[in-house]
Amino acid sequence: MTDDVLRRELFALPEGLVYLDGNSLGALPRAVEDRVRTVVTEEWGTGLIGSWNRPPSAGPGEGWIDLPARVARRLAPLLGAGADEIHVGESTSQALFATMVAASRLRPDRSVLVLDRTTFPTDAYVAQSVCRLLGLTLRWCDGPGDSPDGGVAAVEAALDDDVALVSLTHVDFRTGALWAMPEVTRVVQEAGALAQWDLCHSTGALEVDLAGSGADLAVGCTYKYLNAGPGSPAYTWVARRHHDDLDPPVAGWMGHTEPFAMRLDHTPRRGVGRLAVGTPPVLALSALDAALTVFDGVDMAAVRRASVALTEQFVAGVDTLARRHAEEQLSLASPRDPERRGSQVSLRHPHAYGLVQALVARGVVGDFRDPDIARFGFAPLYVSPADVDSALEALAAVLAGREHHDPRYAERHAVT
Ligand SMILES: Cc1ncc(COP(=O)(O)O)c(C=O)c1O
């Protein structure tokens, strides 16, 4: 293990680009390019159906059918969890549906789901649908904001004996505000409810310790800080103590204890594997398997230290620029305390969309979230302190030249 986590050479990033959007879509690991080419041309092209068991030039246990378990082993250290507690497949939204239904079935005499008002919209949509389906009630709690208790009081205020599940997005996608996972989990469980974490904006950039936090369930995507590519499969984590009672809503043949027995009755696999539904997405899983190799030998505590240093450097620079251009009303939307912040810095600005577009034109990529947020994600494996300096220089030039007011940036793209 080393404290130097920067490994930009492992990524196929364009020369000179400052990529601060790894919290939306991670950069391409070079290993993914090679792996996908091999899987397509050799494993699929030559090995054809035999690759389910053993692709050409692969070893035993390296069949496509073993991919979900292999990926789970790679994810385990990044989640602070056992590989046997992780299922990989589907999208985060689908994973949320499965876990919200399964969690309600684990608490059959309770009828309330609690979500934070600052949650990612898909979490809210799925929860609303689950409530309609199962006759449950959705209750909102406040987000953690920048409160020093990391949101404990906000969650406590929403708890009572009816709450089955509290499902929270660990890092607020808009502001980067971070829940205090172990403390919040404790108060949720003291009230007899289950605690679920959406880790989309956490894994790969923060130290995540699911076992240590005592949480019950978690989901997360792999296309942000895990760099597995657009639409790559999500993961679901379920604490081992719930495995025997886990009753997911979609019983597919891959979650059957003997899929190739082809029986009409469904006997779920033991453990988290019963969350599997249909044929695993081999190309996407292979890309994910290869993408995770960039974390080989990387200490996640060191990644978090590097992330804090990068966001602190950016915040300090933005503060200086905000003072210099007071008329611009540029302000920090993220918590000022790095302990209460994920690996992103969000800025508020009346012309945030134009600001982001003007920066993109200068080779500094962030993104925009409605109505007034410019977001910048810091992936410590490929973003350096020199990149932060470049981003701040670009921001200074944009503000000085009022480039964000350029009419070219008034029209919004479909994906912002
Ligand atoms: C916190 C969070 N949850 C869920 C999602 C949606 O994930 P998916 O598109 O994999 O369903 C996102 C997407 O950005 C997200 O940021």
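Note that the coordinates shown come from a computational prediction; the quantities given were computed from them, not determined experimentally. Numbering of ligands and ligand atoms starts at 1, following listing order.
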Handout entry: Nearest atoms (heavy-atom pairs only) where Thr118 meets Pro144
Key =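 The pair with the smallest heavy-atom distance is OG1-CD, 4.5 Å.
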Exercise for the section: Would you verify whether the NZ or CZ of Arg412 falls within 45 degrees of the ring axis of Tyr353 while also being under 6.0 Å from that six-membered ring's centre? Expected result: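 The answer is yes, since Arg412 meets both limits relative to Tyr353.
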Practice task
Taking Asp34 for its side chain and Ala31 for its backbone only, find out whether a donor-acceptor pair lies under 3.5 Å.
Solution key: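 Judged by distance alone, no pair lies under 3.5 Å.
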Practice task
Assess the pair Trp179 and His170: is the distance between their ring centroids shorter than 6.0 Å?
Solution key: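 Not close enough - the centres of the two rings lie 6.0 Å or further apart.
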Problem - Pro280: partners by side chain to side chain contact (heavy atoms under 4.5 Å, CB included), with sequence neighbours left out - result: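 If we apply the side chain to side chain contact (heavy atoms under 4.5 Å, CB included) test to Pro280, skipping adjacent residues, the hits are Trp52, Pro68, Met254, Leu285.
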Exercise for the section: Can you tell me which residues line ligand 1 if we count any heavy atom under 4.0 angstrom from one of its atoms, in chain and number order? Expected result: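 Residues within 4.0 Å of ligand 1: Ser91, Thr92, Ser93, Phe120, Thr122, Asp123, Thr169, Asp198, Cys200, His201, Tyr223, Lys224.
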Handout entry: Arg340 bridged to Asp146 by N-O distance under 4.0 Å
Key =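 Result for this pair is no, no salt bridge flagged.
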